[in-house]
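By convention in this document, chain letters (A, B, ...) are assigned in the order of the sequence lines, proteins followed by strands, and residues within each chain are numbered from 1.
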Amino acid sequence: MLPHKFIEQRLQQAVTAVLPDADVTAVLVRPCPDPKFGDYQTNALMSLAKARKLNPRQLASDVVAKLDVADACAPVEIAGAGFLNFRLKPAALAQTLQGAARGEHLFSEPAAHPRTVVVDFSSPNVAKSMHVGHIRSTILGDCLARTLRLLGHRVITDNHLGDWGTQFGMLLVAWKRELDAAALKADPITEMERLYKKVSAECKANPATLEAARQELVRLQAGDEENLRIWHEMIALSRVQFDTIYQRLGVKFDHTLGESFYHPRLQPLVQELCTKGIARESEGALAVFFEAIPPLKEHPALIQKSDGAFNYTTTDLATLMHRLETWRPDEIVYVTDARQQLHFQQLFAVFRRWHPEAKTKLAHVWFGSILGEDGKPFKTRSGDTVKLSDLLDEAEERAYKVVSEKNPEQPEPVGREIARIVGIAAVKYADLLPNRQSDYVFSWDKLLALNGNTAPYLQYAYARIRSIFRKANVGQDVSPVPTCELSDALKLDAREELALARHLLNFGLVLEAVADDYRPNYLCNYLYELAGHFTSFYENCPVLKSAPELRTSRLVLCDLTARVMKQGLDVLGIETLEQM
RNA sequence: GCGCCCGUAGCUCAGUUGGAUAGAGCAUCUGCCUUCUAAGCAGAGGGUCCUGGGUUCGAGUCCCAGCGGGCGCGCCA
């Protein structure tokens, strides 16, 4: 068991011994903010004492009297207003590191109670190009899925494609009237976007075109053969584009069930909501009202439009039901931008009223916008949305410039491959580093900066470690992370060694925090600190030139750092490089 | 009008159940490459955490009011 878990368990037992009816789930152990206090601390006793009007220092000393952590810690210290400070015994620290070096763990433990979690993210629209608006959902969602998987949960990723709706009526009109077959063949998305742009302008100007679009949509929904064929073709062409992007990003989905998949379920669903008295007629449409929920009182959810068509609340309800029936998840996570908060509040509220018995946790994980350097929504110079493929191309191109400047003698193909990995990593990292709820300003210079909290910096730290192993002649180059020989005792004496070692132990804690709060930026910051601790160690503690025993000990530390860095970056969806 | 979010160093941003002396990068300044990749390290300066109240042992974090900004608010998704 990892030390902090051990301490936490013993601490909770001690608290229970002193206060048998206390809820100990919030009695947690955290790393100390300053190493001078120790390795771990708890401040839970102070809030516990406050809630019960006890003297916090007295409670702390009562708990300490019942607390036995001597296996792992030096005597526990009561500090300040009632903190408990824990200091790991050197043997406990070394033992944990050695367990990791033997491959028994990598500073995290599988969840005690694995859950089934559906993660819904990305969701691009058919016949349109993926653009910057999809990048955060895609990258965040993928990262959360990876984190949950690493922690031992059963994760199902589902890409809810926008493949149904009014836009297809318009597209069908334009497709039939003025499709440029050659252009379609050359660049399908651009042609479909051209068609859509043209016809949607026409619809605004000319009611007859709008009516024609409506009729095409009705025919499509009624199963008209030609319309279905065209629609299928649009989906197939779009998915080629999506798959290309996902491949570049290293993102995979277990399922891609578009909106159209749920179409047959919508009518019965609406029927049921009406029969159960949950939905009712309002201004010609069918709506669910939330009189009992103050924030939603003024915001009923429409589930059928006055023209009889369904909207996205209806589809999302059907999707939700399908997921419950198919996968029986404990939790469903929706990764979308902030503007959809009201929608998800409504969706969840309808569902709770419909199925009050359901225990499934529903989480809307929302994020802010990507802004240009002018502080306005990120656009190209000409004012168009930035295509994701262009963005990734530019990232790789800019990364190549940096790479070849740093390493001019590198053969071009090698440089290109490094640039690909660095460029994609930089874009992803820039997206994961800010608190997801804040808007962030997209800046190439910051993204690809070689110093500061960026992907290249982390990758560089990793590459430096790997370089040590090449020079050390331990392990083979084919194995990205060789296991090095272990001595029985790690020698952790230098300040830099201890700081690095202690930081390694916190990896699992951070992963859990990421999963609990859906915030990958915690992991970004952890890895940045890890890289910082490592480079300090690297500057001050020679590895290869040290005496044999110390050399081995330091190689172990290097190896563990590399493994955590690689695993951490992998969770962020970022590849590592053996050489930069 | 109502709701959600934001306001932290010159700039861009972190800030884990409220917790110990508010952090990082950039920019400015000072050192460090015959030594495992200097894409680096060590150090310095720089703060009314928007304002004003409140809660309490303790508030950047919670509550109330105000100011400034972004977004959303029935038939788009």
Side-chain angles (χ1 to χ4, degrees), chain A residues 25-28 30-34 36-37 41-44 46-47 49-50 56-57 79-83 85 123 125 162 165-167 259 282-287 294-307 309 311-313 315-316 336-343 345-346 366 368-369 371 375 402-403 405-407 422 433-435 437-441 443 445-446 449-454 456-457 459-461 463-472 509-510 512-513 516-517 519 521-522 524-525 528-529 532 535-536 538-540 542-545 554 558 579-580:
Chain A
T25 54
V27 177
L28 301 173
R30 301 212 171 286
C32 285
D34 186 326
K36 79 180 178 199
F37 297 126
Q41 65 164 242
T42 184
N43 53 42
M46 290 182 282
S47 35
K50 179 179 236 172
R57 291 214 39 130
F83 296 93
N85 289 333
S123 310
N125 295 314
T166 47
Q167 73 271 29
E259 293 169 345
S282 168
E283 298 172 34
L286 288 171
L296 293 179
K297 208 174 167 190
E298 308 287 320
H299 303 287
L302 293 194
I303 58 166
Q304 185 167 20
K305 304 195 281 187
S306 51
D307 67 358
N311 59 14
Y312 72 142
T313 302
T315 311
D316 278 358
T336 85
D337 69 89
R339 290 173 299 203
Q340 298 192 39
Q341 287 176 89
L342 180 57
H343 166 66
Q345 280 177 32
Q346 293 175 330
W366 56 267
S369 314
L371 308 176
V402 174
V403 165
E405 201 170 294
K406 279 285 166 195
N407 223 337
V422 170
L433 177 63
N435 179 328
Q437 292 180 325
S438 46
D439 297 344
Y440 79 90
V441 176
S443 153
D445 291 341
K446 224 161 264 181
L450 306 169
N451 42 18
N453 196 349
T454 63
Y457 175 81
Q459 291 171 315
Y460 178 63
R464 281 172 123 184
I465 303 175
R466 301 296 306 134
S467 171
I468 292 175
F469 282 91
R470 275 193 302 277
K471 290 254 159 66
L509 266 160
V510 171
E512 286 167 21
D516 288 347
D517 295 347
R519 290 190 191 280
N521 62 309
Y522 293 164
C524 295
N525 287 319
Y528 179 59
E529 285 161 12
T535 44
S536 297
Y538 182 92
E539 296 287 332
N540 293 290
V543 177
L544 299 176
K545 291 187 192 77
R554 287 182 173 170
C558 287
Q579 266 176 285
M580 285 177 81

Check for a donor-acceptor pair, side chain of [X] on one end and backbone N or O of [Y] on the other, with a separation under 3.5 Å.
| X | Y | result |
| --- | --- | --- |
| A:Gln341 | A:Ala338 | yes |
| A:Asn525 | A:Asn521 | yes |
| A:Thr42 | A:Ala44 | yes |
| A:Ser467 | A:Ala463 | no |
| A:Arg554 | A:Tyr538 | no |

- Item | Closest contact, heavy atoms only, A:Ser282 versus A:Ala287 | CB-CB, 4.4 Å
- Message: Minimum heavy-atom separation for A:Asp439 and A:Ser369, please, with both atom names.
- Response: OD1-N, 2.8 Å
[X] has an atom [atom1]; how far is it from atom [atom2] of [N], in whole Å?
| X | N | atom1 | atom2 | value |
| --- | --- | --- | --- | --- |
| A:Asp439 | B:C13 | CG | P | 9 Å |
| A:Leu28 | B:G18 | CG | C1' | 14 Å |
| A:Lys297 | B:G3 | NZ | C1' | 15 Å |
| A:Tyr440 | B:G7 | OH | C1' | 21 Å |
| A:Gln41 | B:A20 | CD | P | 8 Å |

Can you check the distance between [N] and [M], where both ends of the measurement are the [atom1] atom (answer in whole Å)?
| N | M | atom1 | value |
| --- | --- | --- | --- |
| B:C49 | B:G31 | P | 34 Å |
| B:U61 | B:U17 | C1' | 12 Å |
| B:A38 | B:G45 | C1' | 24 Å |
| B:G15 | B:G60 | C1' | 8 Å |
| B:G47 | B:A9 | P | 10 Å |
| B:U12 | B:C64 | P | 29 Å |
| B:C11 | B:U48 | P | 12 Å |
| B:G40 | B:C4 | P | 43 Å |

Looking at [N], I'd like to know if its phosphate oxygens (OP1 or OP2) sit under 4.0 Å from a side-chain N or O belonging to [X].
| X | N | result |
| --- | --- | --- |
| A:Asn435 | B:G15 | yes |
| A:Lys545 | B:C36 | no |
| A:Ser536 | B:C41 | no |
| A:Tyr457 | B:U37 | no |
| A:Asn525 | B:C13 | no |

- Qualifying residues under ring-ring contact (aromatic ring centres under 6.0 Å, His included), relative to A:Tyr312, sequence neighbours excluded: A:His343
- Task: Kindly write out the residues that satisfy ring-ring contact (aromatic ring centres under 6.0 Å, His included) with A:Tyr457, not counting sequence neighbours, or none if the list is empty.
- Result: A:Tyr528
What's [X] touching, base or sugar-phosphate or nothing? Going by heavy atoms closer than 4.0 Å.
| X | answer |
| --- | --- |
| A:Gln345 | nothing |
| A:Pro295 | nothing |
| A:Ala463 | base |
| A:Ser467 | base |
| A:Val543 | base |

Looking at the side chain of [X], which of [options] is the nearest nucleotide?
| X | options | answer |
| --- | --- | --- |
| A:Tyr538 | B:G70, B:A38, B:G40 | B:A38 |
| A:Lys406 | B:A14, B:C5, B:A39 | B:A39 |
| A:Glu539 | B:C41, B:A38, B:G70 | B:C41 |
| A:Lys471 | B:A20, B:A38, B:C36 | B:C36 |

Every protein N/O within reach of nucleotides 73-77 of chain B N/O, cut-off under 3.5 Å:
unit_1, atom_1, unit_2, atom_2, d
B:C73, O2', A:His299, ND1, 2.7
B:G74, O6, A:Glu283, OE2, 3.3
B:C75, O2, A:Ser306, N, 2.5
B:C75, O2, A:Ser306, OG, 3.2
B:C75, N3, A:Ser306, OG, 3.2
B:C75, N4, A:Glu283, O, 2.8
B:C76, OP2, A:Lys305, NZ, 3.0
B:A77, O3', A:Glu259, OE2, 2.6
B:A77, N6, A:Tyr312, OH, 2.5

Anything under 3.5 Å between a donor and an acceptor, one on a side chain of residues 294-307 of chain A, the other on a protein residue two or more places apart or in another chain? List them.
unit_1, atom_1, unit_2, atom_2, d
A:Gln304, NE2, A:Gly308, O, 2.8
A:Asp307, OD1, A:Ala309, N, 2.9

- Item | Ring centroids of A:Phe37 and B:A20 base under 5.5 Å with planes under 30° | yes
- With centres under 5.5 Å and planes under 30°, do A:Phe83 and B:A20 count as stacked? yes
N/O-N/O pairs, protein side and nucleotides 23-26 of chain B side, under 3.5 Å:
unit_1, atom_1, unit_2, atom_2, d
B:A24, O2', A:Tyr528, OH, 3.2
B:C26, OP1, A:Asn451, ND2, 2.9

Pick out the pairs of N or O atoms, protein on one side and nucleotides 55-64 of chain B on the other, that lie under 3.5 Å.
unit_1, atom_1, unit_2, atom_2, d
B:G58, O6, A:Lys50, NZ, 2.7

- Task: Identify, between A:Val403 and A:Pro434, the residue whose nearest nucleotide on RNA chain B lies closer to the 5' end.
- Result: A:Pro434
- Pairwise 5' ranking along RNA chain B for A:Arg464 and A:Cys32, keeping only the more 5' one: A:Cys32
- Syn or anti for B:G18, taking syn as within 90° of 0? anti
- Note on the structure: Per the glycosidic torsion and the 90° limit around 0, nucleotide B:C33 is syn
- Task: Tell me, with the steps shown, if A:Asn435 and A:Arg519 meet side-chain contact (heavy atoms from CB on, under 4.5 Å).
- Result: CA-CA 7 Å; A:Asn435 179 328; A:Arg519 290 190 191 280; 2.8 Å; yes
